[in-house]
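In what follows, a structure is listed as structure tokens, so that the remarks can point back to it.
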Amino acid sequence: PWIVRPLFLKRGDKEIVIEDGVEIRAKAGEYQGLVDTLLSVSGAKNVTIRGEGSAAIVMNKKDYQDATRYKHSEWRHTLAIRDGARNVSVSNLTLRASGGDGVYVLHADGIRLENVKFLDHHRQGISVISGSNLLARNCDFSDTEGTPPACGIDFEPNNARDYLVDCVLDDCEFAGNQYGGVLFHLTTLSTASEPVSVTVRNCRLTGNASGLIVTAASNYQPPVKGSVRIENCEIAGSNGRSATFNGLSASSVQVELRNCLLASKVTDIPDILLSNSDFSEDFAGLRFTDTVLRTANATPVSFLAAAGAGFASVDGTLTVERNGGSFDFDFSAFAAANVIAKILKVCAVRVSDP
């Protein structure tokens with residue numbers, strides 16, 4: 001193994017080749033800083049990092065999780081691509097056992113991840129805070145466990161100046177993650193932010209605690225516009241819900257599931273949750289196209305709302321397969337059954353005795 005302290009790449013036009021059988025390993029006892037990252041690509045342009053054969057970059061997650069040895073942190077990443085980095089390609093590698101994310105993306109453009117395994121990380125397989133023209137193809141984001149959100153991938157901007165533009169996940173695996181397979185948490189973006197454009201296609205989300213989670217908006221600020229498209233994907237065997245959609249409305253980012261299969265094993269909770277629990281606009285902005293929910297659940301879809309929020313609509317068709325038969329879920333009847341009266345909040349004023 002090549003045993004290293006934190007490494008920094010700030011100059012571009014570089015190709016780094018990790019040969020077959022080589023392991024770059026974080027030095028034991030080092031990485032005491034809360035944000036110590038094994039390899040940081042900062043501001044550099046035109047960088048290629050590629051492995052051959054069984055090449056791997058490995059950290060020491062169990063050590064970082066030991067409070068007697070390290071201060072608590074969720075930012076000891078394997079790889080950070082940030083601060084204006086552009087045209088960075090990572091391929092044919094295994095990134096394993098970080099004290100944070102397999103890869104952390106912040107203010108970077110033109111990121112290409114291909115044939116990379118992001119395994120056994122502490123916080124996420126990958127966190128995309130702010131990026132454009134990102135492509136992850138034939139990657140594996142699995143077995144994240146340690147600290148929330150504990151997902152395969154988390155699209156979670158820090159503030160309204162961040163952006164998620166032209167991001168694509170293609171032919172990727174998300175399996176065995178402690179919480180979700182794919183998570184969108186967009187509440188820090190606003191109408192002033194660039195519209196979101198993310199596509200997840202030909203992917204498999206299997207055996208995660210939850211499958212797909214989209215939180216588009218809250219009452220914190222006006223919601224961001226844009227689109228999230230889930231195409232030709234399978235969400236199967238989740239230990240919780242197959243999908244949760246929260247904070248969607250006619251004015252928020254719009255979400256479509258097209259030609260997807262949701263194969264659930266839960267029966268004690270609904271397979272799909274539609275929620276505006278933190279957002280006072282009526283639920284809308286979700287479309288199912290040629291999508292199937294395969295379930296044994298008597299209550300496949302449920303709605304949860306905050307005071308003052310109702311259910312407006314869900315577009316398209318969701319086919320439910322159950323007990324050897326199938327039917328199209330009746331969202332019109334569902335909407336009629338979930339009309340929630342607007343509630344006027346009244347402050348009680350106490351008048352003291354004279």
Side-chain angles (χ1 to χ4, degrees), residues 9 12 37 39-50 57 77-93 95 98 100-118 121 123-142 144 149 151-174 177 180-186 188-189 193-205 212-214 216 224-233 253 255:
L9 180 61
T37 295
L39 175 59
S40 298
V41 179
S42 180
K45 298 177 177 60
N46 306 321
V47 173
T48 296
I49 304 168
R50 65 178 177 88
I57 304 176
H77 311 309
T78 306
L79 172 64
I81 305 172
R82 57 184 303 159
D83 302 335
R86 183 182 298 173
N87 299 333
V88 178
S89 173
V90 184
S91 62
N92 304 317
L93 277 170
L95 277 60
S98 74
D101 304 333
V103 61
Y104 177 85
V105 177
L106 175 69
H107 300 152
D109 177 72
I111 309 305
R112 186 181 183 93
L113 310 171
E114 191 157 13
N115 302 318
V116 182
K117 295 181 179 180
F118 301 89
H121 293 286
R123 186 177 73 162
Q124 332 271 26
I126 173 174
S127 288
V128 184
I129 308 300
S130 185
S132 62
N133 299 301
L134 180 148
L135 172 64
R137 175 175 289 154
N138 194 29
C139 292
D140 187 347
F141 305 92
S142 296
T144 306
C151 294
I153 187 168
D154 180 13
F155 292 93
E156 186 168 352
N158 288 333
N159 55 63
R161 295 184 299 276
D162 291 331
Y163 49 90
L164 300 169
V165 177
D166 294 334
C167 298
V168 176
L169 310 178
D170 185 23
D171 195 20
C172 294
E173 301 280 345
F174 303 86
N177 294 292
V182 176
L183 171 64
F184 294 86
H185 195 83
L186 310 177
T188 56
L189 299 178
S193 306
E194 287 194 61
V196 168
S197 50
V198 179
T199 299
V200 182
R201 66 189 181 210
N202 307 319
C203 292
R204 294 154 297 282
L205 289 64
L212 170 69
I213 308 101
V214 180
V224 66
K225 301 285 190 180
S227 67
V228 170
R229 296 190 299 273
I230 315 297
E231 302 174 351
N232 305 314
C233 291
V253 64
V255 177

Taking side chain as C-beta onward, heavy atoms only, is V198 less than 4.5 Å from V128?
-> no
When rounded to the nearest 0.5 angstrom, what is the spacing between CG in D166 and CG in L135?
-> 11.0 Å
Which value, rounded to the nearest 0.5 Å, describes the distance between S130 atom OG and L106 atom CG?
-> 6.0 Å
Counting N and O atoms only, with roles assigned by atom type, does the side chain of S193 sit under 3.5 Å from a partner on the main chain of A160, one being a donor and the other an acceptor?
-> yes
On a heavy-atom basis, the closest approach of L212 and L205 is N-CD2, 4.3 Å
N177 side chain to T144 backbone, donor-acceptor under 3.5 Å = yes
I81 vs V47 side-chain heavy atoms within contact, under 4.5 Å = no
Quick one: pull up CG in D140 and SG in C172 and give me the separation to the nearest 0.5 Å.
-> 8.5 Å
More than 12 non-hydrogen atoms from neighbouring residues, nucleotides or ligands closer than 6.0 Å to CZ on R204, yes or no?
-> yes
Could you tell me which non-hydrogen atom of A108 sits nearest to which non-hydrogen atom of V105, and how far apart they are?
-> CB-CG1, 4.0 Å
Would you call C151 and V182 a side-chain contact if the rule is heavy atoms closer than 4.5 Å?
-> no
Tell me, do E156 and P149 make a side-chain contact under 4.5 Å, heavy atoms counted?
-> yes
Would you call V196 and F155 a side-chain contact if the rule is heavy atoms closer than 4.5 Å?
-> no
How far apart are the C-alpha atoms of L95 and H121, what are their side-chain angles, what is the distance that settles it, and do they pass the side-chain contact (heavy atoms from CB on, under 4.5 Å) test?
-> CA-CA 9 Å; L95 277 60; H121 293 286; 4.2 Å; yes
Do the side chain of T37 and the main chain of T78 share a donor and acceptor less than 3.5 angstrom apart?
-> no
Do I126 and D101 touch side chain to side chain, with heavy atoms closer than 4.5 Å?
-> no
Between atom CG of L113 and atom CZ of R137, what is the distance when rounded to the nearest 0.5 Å?
-> 11.5 Å
Positive for side-chain contact (heavy atoms from CB on, under 4.5 Å) with F184, one of V200, I153, D154 = V200
Do S98 and H77 have side-chain atoms, one donor and one acceptor, less than 3.5 Å apart?
-> no
Start with the C-alpha gap between D109 and N133, add the side-chain angles, then the distance that decides, and say whether side chain to side chain donor-acceptor pair (under 3.5 Å) holds.
-> CA-CA 6 Å; D109 177 72; N133 299 301; 2.8 Å; yes
Would you please test L39 and I49 for side-chain contact (heavy atoms from CB on, under 4.5 Å) and show each step?
-> CA-CA 11 Å; L39 175 59; I49 304 168; 3.8 Å; yes
Closest non-hydrogen atoms of E173 and S142, given as atom of the first, atom of the second and distance, are O-OG, 4.3 Å
Heavy atoms of E194 and V165 approach each other most closely as OE1-CG2, 3.7 Å
Donor-acceptor contact below 3.5 Å, side chain S42 vs main chain D83 | no
For residues N115 and S91, is any side-chain donor paired with an opposing acceptor at under 3.5 Å?
-> no
Exactly one of F141, F174, Y104 clears ring pair (Phe, Tyr, Trp, His ring centres under 6.0 Å) with F118, and that residue is F141
If you look at every heavy atom in G226 and P195, which pair is closest and at what distance?
-> CA-CB, 4.0 Å
Starting from the C-alpha separation in whole Å, work towards a yes-or-no answer on side-chain contact (heavy atoms from CB on, under 4.5 Å) for L79 and V41.
-> CA-CA 8 Å; L79 172 64; V41 179; 4.1 Å; yes
Could you tell me the separation between the CD1 atom of I111 and the CG atom of N87, rounded to the nearest 0.5 Å?
-> 7.5 Å
Flag side-chain contact, heavy atom, 4.5 Å: V253 against L186 | yes
Lys/Arg-Asp/Glu bridge criterion (N-O < 4.0 Å) met for D170, R201 | yes
Any side-chain heavy-atom pair from E114 and S89 closer than 4.5 angstrom?
-> no
Can you see which heavy atom on C203 is nearest to which on D171, and at what distance?
-> SG-N, 3.8 Å
